[in-house]
Every structure is written in structure tokens, then in C-alpha cells.
Amino acid sequence: MAFNFDKDTDWIFTFCKKCWDFKKFVFKKPINFEVKTAYNGICVNCKNEQRINLKEARDYYDHLNDHNN
């Protein structure tokens with residue numbers, strides 16, 4: 001299943017610097033990959049709030065989408 005950047009979403013999977021693994025992060029509002037460069041997200045596993053670099057997240061999902069299309 002490919003990640004849809006056009007659909008409003010308030011969560012992504014990305015690397016957690018506390019858990020040292022890829023975890024689900026939730027955000028207070030939908031992510032806008034086009035306007036913002038970073039958002040604060042909360043890891044659902046450790047509850048640690050982290051600044052998420054959206055360019056890195058976008059590159060990660062673009063790479064996954066290349067293999068899912």
C-alpha cells in the first residue's frame with residue numbers, strides 16, 4: 001500500500017530517537033509536506049515528543065512508494 005501525500009493525515013511512521021526504531025508518530029494537525037519543513041510529533045510507543053524532519057520522512061515514503069507501485 002503506497003503512502004498518499006495528497007490525503008490529509010495526522011500520523012506517519014518514522015525513526016524514533018528514543019526507541020531507536022521506526023515507530024508511529026501522531027501530530028496535533030494534518031501534516032502538510034509542501035508548506036512545513038518540520039513538525040513536532042509524539043511517538044505512540046514511548047510518548048516522547050520529537051521534531052520530525054518532513055523532508056527525510058517524505059524521502060523515506062517516496063522510496064517505499066517506488067517499490068509499491
Side-chain angles (χ1 to χ4, degrees):
M1 185 169 114
F3 190 84
N4 184 351
F5 291 102
D6 298 326
K7 181 180 169 191
D8 282 347
T9 186
D10 62 353
W11 63 272
I12 59 170
F13 281 94
T14 193
F15 189 78
C16 177
K17 296 170 187 163
K18 186 172 182 183
C19 296
W20 284 93
D21 199 2
F22 277 81
K23 299 294 181 184
K24 183 178 182 179
F25 280 79
V26 293
F27 301 88
K28 294 178 180 161
K29 59 184 178 177
I31 303 165
N32 187 332
F33 287 93
E34 304 300 323
V35 176
K36 294 278 202 163
T37 58
Y39 272 94
N40 286 342
I42 298 173
C43 175
V44 298
N45 188 60
C46 69
K47 308 299 186 226
N48 189 40
E49 184 174 1
Q50 296 178 39
R51 190 89 174 144
I52 306 299
N53 180 321
L54 294 181
K55 180 179 179 349
E56 289 176 2
R58 175 80 189 234
D59 291 346
Y60 171 75
Y61 279 103
D62 280 339
H63 178 74
L64 289 179
N65 285 349
D66 288 344
H67 294 284
N68 286 323
N69 290 332

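Positions are given from 1 along the sequence. Bear in mind the structure is a predicted one, so any value in this text is a computation, not a measurement.
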Only pairs under 3.5 Å count here: list side-chain donor-acceptor contacts from residues 18-28, not counting sequence neighbours, and write none if there are none.
| from | atom 1 | to | atom 2 | distance (Å) |
| --- | --- | --- | --- | --- |
| Trp20 | NE1 | Lys17 | O | 3.2 |

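- The line from CG of Asn48 to CD1 of Ile42 is 9.0 Å long, rounded to the nearest 0.5 Å.
- Taking CG of Asp10 as the reference point, atom NZ of Lys29 lies at 12.0 Å (rounded to 0.5 Å).
- The line from SG of Cys43 to CD of Gln50 is 6.5 Å long, rounded to the nearest 0.5 Å.
- Within the model, atoms CD1 of Ile12 and CD1 of Ile52 stand 6.0 Å from one another, a figure rounded to the nearest 0.5 Å.
- Screening residues 42-56 for salt bridge (charged side-chain N to carboxylate O under 4.0 Å, His left out) gives Lys55-Asp59 as the qualifying pairs, with residues at least two apart or on separate chains.
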